[in-house]
Amino acid sequence: MDLQRLDPRDDAAVDASIALDDAVRAVDEPWNPSWPRRSYVAHLTHGWDGEPGEKWLLWEADRVIGHLSLHLSYRENLHRAGVGIVVHPDERRKGHGTRLLDEALERVRKAGRRLVGTGTLADSGHAEFARTMGFKKVLVEVHRRQDLQAVDHERVAELREKAREAARDYTLLRVTEAIPDDLLDAVAELTGAINDAPTGDMEVDDDVFDGARIRAFEAGRAAEGVHMYRLIARLGTDGPLAGHTIVGVHPDLPEWGGQYDTAVARAHRGHRLGMLLKAEMMAWLAEAEPQVRWVDTWNAESNSHMIGVNEALGYRIAARYDSWERDV
Ligand SMILES: CC(C)(COP(=O)(O)OP(=O)(O)OC[C@H]1O[C@@H](n2cnc3c(N)ncnc32)[C@H](O)[C@@H]1OP(=O)(O)O)[C@@H](O)C(=O)NCCC(=O)NCCS
């Protein structure tokens, strides 16, 4: 199979890859906006937090008709690889998907990993493809979207007041962009609270966080050009960090906010900190990015605590995604 590795410095190849993704989005997920080009390139060079993975393009003449993404972590999950396969809507059911997957499995085998994970829209032809290819469904993830023009802001204000009362022993700290050095290790430890989010039947290790990984995450967002808003709850005014929530807004997509992690450390659960953080973030965004209309978030379908908070704040289901795994 004639695959060419996508070099993020090759503008023509990046454009061709984005053109494929836009064609796919128009058919499969028309409710989602196109990524800013700078974000696309930054993900190729930085990934989410410093482990970018590889993208390989399937060309036909001067057009990209498919691509294959491979992600291998060297921090944890040394037994597995993440694989993404995309075929142009006009080129489906011709065997390209099967050939791209065979190629992916071969590479994963050569890398010494025994398991591959992938994701598809739920209850779709893509899910049928995964099932046909021997994958087993291991988790359902739900994409919810908050429309800030439709949200009942009075209700949100009530929820925020109740949360302030329940969490009166805590204070909030606003951080834009980089975490100050003196908080870095504590933020790394707090970030590990995300490992308590449900992962269904996935065979995954806990993510291991340290200061360097937090800095790599920040470098990735800075390369994208994203404005980051991080709200941190701590016990008292200088006690241990208890929880945080992060939202990113890209200047090239100014009406859209991306909800990144929200997590409360185990010792501090049960004080409505999840609600407090998210409701206070809404107030902050209204000041700092008043043009934001939609905020997107993803949760495992079984994550009832986080979903309860999100639903109360007006998030509504936009789409469902299946996560899949198979041995190589
Ligand atoms: C899923 C996807 C990669 C399939 O690509 P493709 O080139 O059409 O796949 P193939 O032609 O190799 O299909 C192989 C088999 O999978 C099954 N399959 C593929 N698409 C299907 C669909 N829409 N409905 C039902 N079965 C389907 C069929 O059994 C098919 O064999 P057949 O055409 O002889 O019946 C493509 O639809 C796509 O890009 N989807 C969006 C991204 C995605 O979800 N990727 C999958 C996760 S990696």
Side-chain angles (χ1 to χ4, degrees), residues 1-6 13-14 16-35 40 43-44 47-48 52-61 63-73 77 80-111 113-143 199-204 296 298 300-301 317-328:
M1 194 170 215
D2 184 22
L3 289 177
Q4 284 178 30
R5 175 130 186 217
L6 175 54
V14 168
S17 183
I18 290 176
L20 167 66
D21 287 340
D22 284 345
V24 167
R25 183 177 306 98
V27 169
D28 291 338
E29 301 176 322
W31 55 88
N32 282 334
S34 181
W35 273 26
Y40 200 92
H43 273 267
L44 293 168
W48 180 244
E54 306 173 359
K55 201 183 272 286
W56 295 79
L57 304 183
L58 177 61
W59 290 87
E60 195 177 76
R63 191 168 78 117
V64 171
I65 61 162
H67 59 53
L68 161 62
S69 309
L70 273 180
H71 186 265
L72 277 70
S73 177
N77 287 311
R80 60 183 288 142
V83 165
I85 290 167
V86 173
V87 174
H88 193 287
D90 299 343
E91 302 294 335
R92 291 179 181 167
R93 306 303 284 267
K94 297 179 182 176
H96 295 306
T98 305
R99 284 191 292 277
L100 284 167
L101 179 64
D102 285 346
E103 184 72 39
L105 293 175
E106 188 51 34
R107 286 165 196 240
V108 171
R109 243 175 246 126
K110 276 197 188 133
R113 311 268 168 134
R114 66 173 171 82
L115 196 82
V116 284
T118 193
T120 65
L121 263 177
D123 308 319
S124 62
H126 319 320
E128 275 319 302
F129 169 81
R131 205 187 307 278
T132 305
M133 296 296 137
F135 284 87
K136 202 177 86 191
K137 195 193 290 188
V138 286
L139 182 74
V140 177
E141 283 220 70
V142 185
H143 168 198
T199 52
D201 295 327
M202 287 173 80
E203 265 191 68
V204 276
D296 282 334
W298 284 261
E301 193 174 43
I317 293 177
R320 284 193 154 75
Y321 294 85
D322 291 330
S323 298
W324 305 84
E325 282 178 2
R326 63 159 275 187
D327 292 332
V328 298

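The model shown is predicted, which means the values in this text are computed figures rather than measured ones. Order of listing sets the numbers, starting from 1, for every ligand and every atom in it.
The closest protein non-hydrogen atom to atom 25 (C) of ligand 1 is Glu128 CB, 3.5 Å. Looking only at protein heavy atoms, the nearest one to atom 16 (O) of ligand 1 is Phe129 CD1, 3.4 Å. Protein heavy atom nearest atom 12 (O) of ligand 1, with residue, atom name and distance: Thr98 OG1, 2.5 Å. Closest to atom 39 (O) of ligand 1 among all protein heavy atoms lies Val87 N, 2.7 Å. With hydrogens left out, the protein atom closest to atom 36 (C) of ligand 1 is Arg92 NE, 3.5 Å, a heavy atom.
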> Does the pair His67 and Leu6 meet the rule for a side-chain contact (heavy atoms from CB on, under 4.5 Å), with working shown?
Replying inline: CA-CA 9 Å; His67 59 53; Leu6 175 54; over 6 Å; no

> Are Glu103 and Arg99 close enough, and set up right, to give a salt bridge (charged side-chain N to carboxylate O under 4.0 Å, His left out), and what steps lead you there?
Replying inline: CA-CA 6 Å; Glu103 184 72 39; Arg99 284 191 292 277; over 6 Å; no

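With atom 27 (C) of ligand 1 as the reference point, the heavy atom nearest to it among Arg93, Arg131, His126 is part of Arg93. For atom 3 (C) of ligand 1, the choice among Thr132, Thr120, Ile85, Ile65 with the nearest heavy atom turns out to be Ile85.
Within the listing of ligand 1, atoms 20 (N), 21 (C), 22 (C), 23 (N), 24 (N), 27 (C) sit less than 4.0 angstrom from a heavy atom of Gly125. Contact atoms of ligand 1 toward Gly95: 10 (P), 11 (O), 12 (O) (distance under 4.0 Å to a heavy atom of the residue). Under a 4.0 Å criterion applied to the non-hydrogen atoms of Thr118, ligand 1 contributes the atoms 47 (C), 48 (S). For ligand 1, the atoms lying closer than 4.0 Å to a non-hydrogen atom of Asp28 are 41 (C). Close contacts between ligand 1 and Lys94 involve ligand atoms 11 (O) [criterion: under 4.0 Å to a heavy atom]. Atoms of ligand 1 found under 4.0 Å from any heavy atom of Val86 (numbered from 1 in listed order, with element): 39 (O). Within the listing of ligand 1, atoms 14 (C), 15 (C), 16 (O) sit less than 4.0 angstrom from a heavy atom of Met133. Which parts of ligand 1 touch Gly119 is read off a 4.0 Å heavy-atom cut-off, strictly below it: atoms 47 (C).
The shortest heavy-atom distance from Ser124 to ligand 1 is not under 4.0 Å.
For atom 8 (O) of ligand 1, a protein non-hydrogen atom is found at a distance below 4.0 Å.
For the pair Leu100/Leu3, a side-chain contact is recorded, criterion being any heavy-atom separation below 4.5 Å from C-beta on. Val328 is not listed as a side-chain neighbour of Arg113, based on a closest heavy-atom distance of 4.5 Å or more.
For the pair Gly97 and ligand 1, the shortest N or O to N or O distance falls below 3.5 Å. Here's the thing with Leu121: none of its N/O atoms is less than 3.5 angstrom from an N/O atom of ligand 1.
Proximity of a side-chain donor or acceptor of Arg320 to a complementary backbone N or O of Val140 within less than 3.5 Å is not detected. When atom types are taken as modelled, the side chain of Thr132 and the backbone of Glu128 share a donor-acceptor pair closer than 3.5 angstrom. The main-chain N or O of Val83 is found under 3.5 Å from a side-chain atom of Thr118 such that the two form a donor-acceptor pair.
Checked for salt-bridge contact, Glu203 and Arg80 miss the test: no charged N lies under 4.0 Å from a carboxylate O.
Ring planes of Trp35 and Tyr40: perpendicular class, angle over 60° (limits at 30 and 60°).
Between Glu91 and the options Arg93, Lys94, His88, a side chain to side chain donor-acceptor pair (under 3.5 Å) holds for only Lys94.
Counted by atom type alone, His126 and Asp322 present zero donor-acceptor pairs between their side chains at under 3.5 Å.
Taking CG from Asp28 and CG from Asp21, the interatomic distance works out to 10.5 Å, rounded to the nearest 0.5 Å.
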